[in-house]
Structures are given as C-alpha cells and as structure tokens.
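Since the structure comes first, as structure tokens, the remarks are kept for the end.
The chains referred to below are lettered A, B, ... by the order of the sequence lines, with proteins before strands, and numbering in each begins at 1.
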Amino acid sequence: MGKIILTKIINALKKLYIPKCALNYKTDFQLLVSVILSAQCTDKQVNLVTPKLFEKYKNINDFANAKLSELEKLIKSTGFYKNKAKSIKNAASEIIKNYNGKIPDKIDELTKISGIGRKTANVILAEIYQKAEGIVVDTHIKRLSYRIGLTKNTIPEKIEIDLMAVIPKKYWIDFAHLLISHGRNICKARKPLCGKCQIKKYCQKNGL
DNA sequence: CTCCCGATAT
DNA sequence: ATATCAGGAG
C-alpha cells in the first residue's frame, strides 16, 4: 500500500464528500467544547445540545465558572456527561490560567490539558489553526484504515504513526474528514455497504 | 486493562 | 439484547 494508492483513494472520496467538520460552532472554544462532547457520541447528538449550551455559556470564562451540576444537565444526552463536564470546565480554567485564554496551537500543550487527548488535540489543530502535527484517529479512521489495509495495528497511536508514514502531509486533514464521511455513509461498523463502496477496488477486504 | 454513560441502529 | 458513536483518564 503506497502513496500512489492513497492519493487515488483520497481523490475518489473527494468526489463524494466535502472534507468538512460536521460539528456546529462559531468560536474556537465552542469547537473545543464540541470535540470533547463528541467522544463516543455522534456529531448529530452533539449538535443537538450545543445551541442551548452556548446560549447559557457565552465564552471561555463562563465555562470556567460553570457549576458542574448545571453543565452536566445540559450535556447529559451526549453520554459520559460527568467526565465531559469536568473536562470542559478544566480545559477552560487551564487555558485561561496558562495560555491567557487563547487555545494553544501545539499538540504537546493541548494534550497536557486534562480531558484533551491526541484525537481531540488533532481535531482542534486542524479546525482552528488548519495545522496538522498528526492525524486524527477516531473510531471511523481506526476501522477504515484497518479494513482498507493501511495498518495492521489496533492501537490508535500506532495507527496514527502508520498513517503518517504513507499519507502525504498535505492530505492529513482532508484524509480524516473524508474517511469519517465514508465511514458514516458506506463503510459502517456493523453492516458495511460494500456493494455501494466507490473505493472497493483499493480495499484489502474488497467487498467483504 | 477498566471505567465513564446516553441515544440510536440492528 | 447488543453494538456503536469524531475518546480519555487512572
């Protein structure tokens, strides 16, 4: 599986999807909040709770001063709500305290913040700063990368290293968006629609 | 490795 | 009834 195949896959997917984030947000910190909420939860479900959430908490200071019980109530339907509420409040406080309220633009600084891991940090860098220090590896990218044959690893950090080795850096951000779209629409976790798959000929499973 | 955890599809 | 969803911490 070389870089030439990767380019073909990316070009084929570009004809099907617009490489774009599906989370609804207006400010940088709203994006950060949405990404934390999206852990083990669909973007659709996140977009259902954020309008009321961002109405109550207007900015990073509001989130830093939020009452956990109130925050939990508003994000409950996204699951893991106690952890997520703490993560959001903590991220707001740490960014105000250590970064003067501005979200860091380096992955090492982002992942130091409790509640922000490698996947969340990669999304934040891509969305806010159009910058890629790594590649987003979420559940879709993990699944599709394995099925297509881009990696034999199952640990996200190792998958990320494998992907960085074969994907030209200028495609890192689009690659993640495109694979996630294809994962949602065709290459589903439970019942993949291989008969409708437009990149089947590049896939190691090739319809199975 | 386990725990966190609600909504939806199968 | 069970698997899955733009995961992360201990």
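For the residue pair A:Tyr146 and A:Gln204, no side-chain donor N or O sits within less than 3.5 Å of a side-chain acceptor on the partner. Counting only N and O atoms by type, the side chains of A:Asn122 and A:Glu160 include a donor and acceptor under 3.5 Å apart.
Comparing the P positions of B:dC5 and C:dG10 gives a spacing of 14 Å, expressed to the nearest Å. Comparing B:dC3 with C:dA6, their P atoms sit 24 Å apart, to the nearest whole Å.
Following rounding to the nearest Å, A:Leu37 (CG) and B:dC5 (C1') show an atom-to-atom distance of 13 Å. Between A:Gln45 atom CD and B:dT8 atom P there is a gap of 5 Å when expressed in whole angstrom units. One atom, CD1 of A:Ile36, and another, P of B:dC5, lie 15 Å apart when rounded to the nearest Å. If you measure from atom CG of A:Leu48 to atom P of B:dG6, you get 17 Å, rounded to the nearest angstrom.
With sequence neighbours left out, A:Asp43 forms a salt bridge (charged side-chain N to carboxylate O under 4.0 Å, His left out) with A:Arg184.
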ask   = Reading nucleotides 3-10 of chain C 5' to 3', which nucleotides get B (base under 4.0 Å from a protein heavy atom), which S (sugar-phosphate only), which -?
value = BSBBBSS-
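The stretch residues 152-199 of chain A participates, sequence neighbours left out, in these ring pair (Phe, Tyr, Trp, His ring centres under 6.0 Å) pairs: A:Tyr17-A:His182.
Between A:Lys73 and A:Glu70 there is a salt bridge, since at least one side-chain N of the basic residue sits less than 4.0 Å from a carboxylate O of the acidic one.
Side chain of A:Asp28 to backbone of A:Ile128: no donor-acceptor contact under 3.5 angstrom is found.
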